[in-house]
Amino acid sequence: MSASIMLEKKYNPNDVEPRIHQKWMDENAFRAGANASRKETFTIMIPPPNVTGALHVGHAFNNTLQDVLIRWHRMRGFDTLWQPGQDHAGIATQLQVEKMLKQNQLPSRRDMGREKFLEKVWEWKGKYGDTIVNQLKRLGASCDWSRNAFTMAGAPGDPGTGHENSPNFHDAVIKVFVDMYNKGLIYRGKRLVNWDPHFETAISDLEVENIEVDGHMWHFKYPLAGGETYTYVERDEDGNIVLEEERDYISIATTRPETMLGDGAVAVHPSDERYAPIVGKLCEIPVGPKEHRRLIPIITDEYPDPDFGSGAVKITGAHDFNDYQVARRNNIPLYVLMDTKGHMRTDGWSYVESAQMAKAIAQKKREAPEDVSAINLVPEHLRGLDRLEARKKVVAEITAEGLAVMVEQTRTDKETGEETRVRVPYVENKKIMQPFGDRSGVVIEPMLTDQWYVDTAKIVEPALAAVREGRVEIMPESGEKVFFHWLNNIEPWCISRQLWWGHQIPVWYDDEGKEYCASSLQEAQAMAPGKTLTRDPDVLDTWFSSGLWPIGTLGWPNWTEETRKYFPTDVLITGQDILFFWVARMMMMQQAVVGEDPFHTVYLHELVRDEKGRKMSKVTGNVIDPLEIIDEFGADALRFTMAQMASVGGFLKLSTNRIKSYRNFVTKIWNAARFLEMNDCYRVEGFDPKTVSMPLNKWILGALPRVVAEIDRGLESLHFNDSANAAYEFVWGTFCDWYIELAKPTLQGEDGPQKDETRATAAYVLDQILLLLHPFMPFVTEELWAETGKTGPERTAMLVVSDWPDLAGLESPEAEDELNWLVDLISGIRSVRAEMNVPAGARIPLVVVGASPETQTRISTHTDAIRRLARITDLETAPDVPEKAAQLVLGEAVYALPLGDVIDVDAEKARLNKEIGAVEKEVAQIERKLSNQQFLAKAPERVVTEQKTRHADLSERHEKLKKALACLG
RNA sequence: GGGCGGUUAGCUCAGUUGGUAGAGCAUCUCGUUUACACCGAGAAUGUCGGGAGUUCGAGCCUCUCACCGCCCA
């Protein structure tokens with residue numbers, strides 16, 4: 001057969017990838033159970049990307065790892081399912097659609113109404129919702145796309161586009177809500193929640209980001225009621241009086257003056273002696289119309305820190321989480337000041353009415369009603385203002401009235417340079433932690449509202465037990481600690497959202513406000529005969545439905561035999577940032593609903609950052625778009641880079657440089673395949689790798705089981721980087737750099753059995769390489785699988801559904817020793833040549849001295865290879881080292897390169913001396929150990945023997961090097 | 001303030017039960033030898049953050065200090 005070049009000179013991923021992907025789809029290669037040959041299943045649930053999402057590097061990383069595992073298991077014959085799908089992403093999607101409406105100058109969400117708006121959302125989903133699915137396909141994600149699921153599937157109005165076969169997620173979500181409600185695991189309550197004034201909805205603790213910003217701390221005087229006074233005494237650490245004065249006020253520090261309007265009390269620490277004389281008395285809030293100033297009590301509570309500010313804290317229960325706790329402990333009313341947009345309230349009673357009522361409550365002349373929401377303590381002139389505007393006015397008013405705490409400040413006149421002392425309000429500039437909505441970016445306002453909660457404390461234990469008892473392993477291990485810490489201190493989970501896009505809460509209210517929880521209006525009506533029912537307008541937190549992802553995508557509550565076998569799933573791979581959002585909640589909810597752990601292993605990974613370790617952001621301009629990377633370097637290069645970065649718990653820093661180097665690896669494989677093709681290395685029918693006879697072939701075949709084992713071990717333990725590195729090293733470092741080079745003399749020499757054997761072996765090893773690399777680089781390997789399948793025996797299947805190599809029994813220690821020797825020899829000669837400045841192109845003779853018969857046999861076996869790779873002309877044996885020769889000591893023999901007058905004797909001496917020095921250093925180290933009685937007595941036998949052997953080898957080498965040095969005179 | 005990590009070659013990072021410190025990239029030198037310059041050959045590079053301890057032996061275990069991250073208040 002003649003060498004006909006079929007492979008393109010260059011591999012072009014842009015042409016190949018879409019074609020290969022289509023073939024996979026045509027062959028149903030990703031279908032659940034494809035290539036299954038055993039009973040064990042392997043299931044991964046994709047972390048559902050938002051339906052609004054576009055593929056970013058985080059997805060690329062995350063899904064590459066999942067795909068590697070999936071492809072590996074599929075090839076190993078597991079009954080494999082990678083379940084894809086998307087999340088309806090309440091806030092994000094609603095926002096996106098509202099934006100679209102605005103751009104197209106359509107009526108706004110509120111103008112068109114709920115039903116019409118939801119229609120628009122579904123329309124939008126059908127149009128743009130498959131973006132990320134198509135992008136995942138470009139990455140090569142081998143999900144069973146025919147099962148693409150959606151967390152809103154089956155909800156009213158669902159036209160089913162893009163998730164045609166999705167189980168009815170909506171029914172599952174509603175059922176879970178009703179069940180949990182009936183079990184008392186879900187309840188409704190008026191609580192302080194994180195309120196997003198932009199989206200006008202409650203959000204959970206986890207959706208709040210606390211960011212340190214520049215803020216101010218104002219200090220104000222709250223006058224005591226009736227002009228009362230007390231002696232204010234301040235002491236230093238030793239109890240000496242540093243300040244003593246009569247005061248008719250108590251000093252309060254606050255970062256939020258506008259909330260003073262809703263103060264219900266002033267609190268001091270019970271141990272704080274400064275304020276002991278006035279505890280229990282009333283003081284006046286220094287804002288609002290003077291004639292209707294409110295009086296509030298001075299109380300004690302453990303919360304105030306005596307060393308912070310003045311030690312006295314104003315308590316605004318409806319607008320601060322800490323104050324809320326204090327207010328509840330001390331039965332202080334919670335006065336709401338703001339509306340859903342974060343503006344000062346305009347509803348409720350007039351200020352005068354409200355103030356009088358509040359005053360009566362404070363003076364205990366009246367019992368506070370349970371619901372104080374009608375009381376609006378915002379003075380008329382501040383009503384309707386944004387809270388920040390209101391803040392400015394409040395500060396100005398208090399200051400004008402002389403109730404701000406003042407300090408002296410020195411001011412220098414710019415022109416005259418004259419210094420004057422002025423008294424100014426005491427305002428500290430300080431960093432304060434401010435809560436922001438992670439989606440909206442606006443300042444979050446604690447807001448007192450009615451919301452639905454999951455009583456997480458009641459369902460947390462099984463999730464904790466799962467990890468504690470090792471049923472669920474979290475990687476890296478530090479993740480488990482974080483998991484325990486959070487779950488052990490879990491707070492109720494607020495699950496209602498004041499949005500429209502989402503699963504509407506299945507609760508109806510009658511006219512008296514009594515609630516009926518049921519799967520449908522009919523059922524609810526049956527519970528409330530003759531009553532007019534109104535449905536709760538709120539929807540569920542998106543994470544409530546994502547929490548059901550494992551069972552929901554598999555069709556719960558209907559279990560078919562097929563879906564039953566894929567649950568529980570196996571490995572969950574996700575970003576550590578959603579450990580609480582999603583992972584912990586899935587564990588709690590699957591346990592609460594079906595009493596099982598949803599998976600046995602959780603692999604958490606870091607955020608993918610840029611090469612400098614910075615977060616990628618549009619603002620910084622350091623975003624790497626995976627699709628651009630795929631366009632430029634191919635999906636395989638990106639995937640291999642991702643796998644290679646994936647050390648457990650490691651930081652993920654991505655640079656295009658790195659991707660480029662793995663693109664080079666793809667090219668390398670391509671070229672190796674081209675080389676084999678050019679040399680007629682075709683697969684041979686019935687080739688049995690156990691029957692080869694040449695050491696070179698035995699060696700490369702013997703190295704295969706080891707690399708398979710390394711890759712297996714890495715993937716088994718989710719050390720993707722280890723597997724990737726092992727594959728890379730074998731393919732490039734062993735197969736290309738040595739095997740192919742060493743095989744060249746045979747391949748390009750005389751025809752005969754040796755050439756045939758080498759050709760067959762090379763083709764066989766390439767096949768194994770394609771199999772091994774496939775999980776990491778599916779496209780180029782599949783393409784080469786097809787190309788190399790054009791000759792030799794016909795391929796029975798695409799690579800994606802071929803079997804993972806099982807090569808036990810190919811190991812060959814003798815061939816390994818022999819080839820290791822050969823590689824050392826050639827490397828040694830090359831090294832000497834380079835250091836002796838022998839021109840790279842020059843061919844020189846080699847004289848072997850003192851070789852054992854075995855070595856001599858080896859030399860004659862590999863003469864051609866040595867000649868070629870070490871650029872040697874004559875290869876002869878001699879009893880003595882010739883004059884003017886550079887010498888290489890390897891094993892028992894010395895290899896001399898007679899360089900004649902070319903040799904620089906001093907350079908050669910220096911080279912040998914350097915080597916001798918290194919050997920001596922090591923020998924000394926070992927001798928220190930061996931002469932240590934403690935070491936001999938206590939170290940394990942194995943270690944001692946090892947050291948002794950090493951010592952012997954090094955000593956021999958040392959002697960030979962010395963002798964070589966002596967030869968030089 | 002609480003919790004969890006990190007500190008190893010110029011850079012990015014491996015180092016799985018304590019026993020000869022590694023890789024990739026970058027750097028330098030040489031080289032077009034018909035698979036590959038997206039290549040080949042060779043070289044240089046480390047008081048494994050500081051200190052103390054346990055041990056025959058510590059990058060790895062313990063304590064401590066310093067600095068840097070992240071999460072939660």
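Proteins come first, then strands; the chains are lettered A, B, ... in the order of their sequence lines, and each starts at number 1.
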Worksheet item: Between Asn697(A) and Tyr739(A), is a side-chain hydrogen bond (donor to acceptor under 3.5 Å, both in side chains) present by the stated rule, with each step listed?
Response: CA-CA 8 Å; Asn697(A) 292 330; Tyr739(A) 177 76; 2.7 Å; yes
Fill in: Under-4.0 Å salt bridge between Glu710(A) and Arg713(A)
no
Item to complete: Working to the nearest 0.5 Å, report the span between CG of Leu936(A) and CD of Glu941(A).
Response: 10.5 Å
Fill in: Lys938(A) vs rU55(B): side-chain N/O to OP1/OP2 distance below 4.0 Å
no
Worksheet item: So what does Asn725(A) touch, heavy atoms closer than 4.0 Å: a base, only the sugar-phosphate, or nothing?
Response: nothing
Discussion item. Using a 3.5 Å limit on both distances, find every run of at least three consecutive Watson-Crick or G-U pairs that involves RNA chain B.
Written reply: B:1-7 with B:66-72, B:10-13 with B:22-25, B:27-31 with B:39-43, B:49-53 with B:61-65
Discussion item. Does rA35(B) have its OP1 or OP2 closer than 4.0 Å to a side-chain nitrogen or oxygen of Lys744(A)?
Written reply: yes
Practice prompt. Indicate, with a heavy-atom threshold strictly under 4.0 Å, whether Arg868(A) touches base, sugar-phosphate, or nothing.
Written response: nothing
Practice prompt. Report which part of the nucleic acid Gln644(A) touches: base, sugar-phosphate, or nothing (heavy-atom distance under 4.0 Å, all strands).
Written response: nothing
Worksheet entry | Residue among Lys909(A), Arg957(A), Lys921(A) satisfying salt bridge (Lys or Arg N to Asp or Glu O under 4.0 Å) with Glu915(A) | Arg957(A)
Worksheet item: Checking all strands, does Arg833(A) fall into the base, sugar-phosphate, or nothing category for heavy-atom contacts under 4.0 angstrom?
Response: nothing
Worksheet, complete the sentence: Within residues 912-930 of chain A, the residues having a heavy atom closer than 4.0 Å to RNA chain B are Lys914(A), Glu922(A)
Item to complete: Scan Asp722(A) against the nucleic acid and name what it touches under 4.0 Å (heavy atoms): base, sugar-phosphate only, or nothing.
Response: base
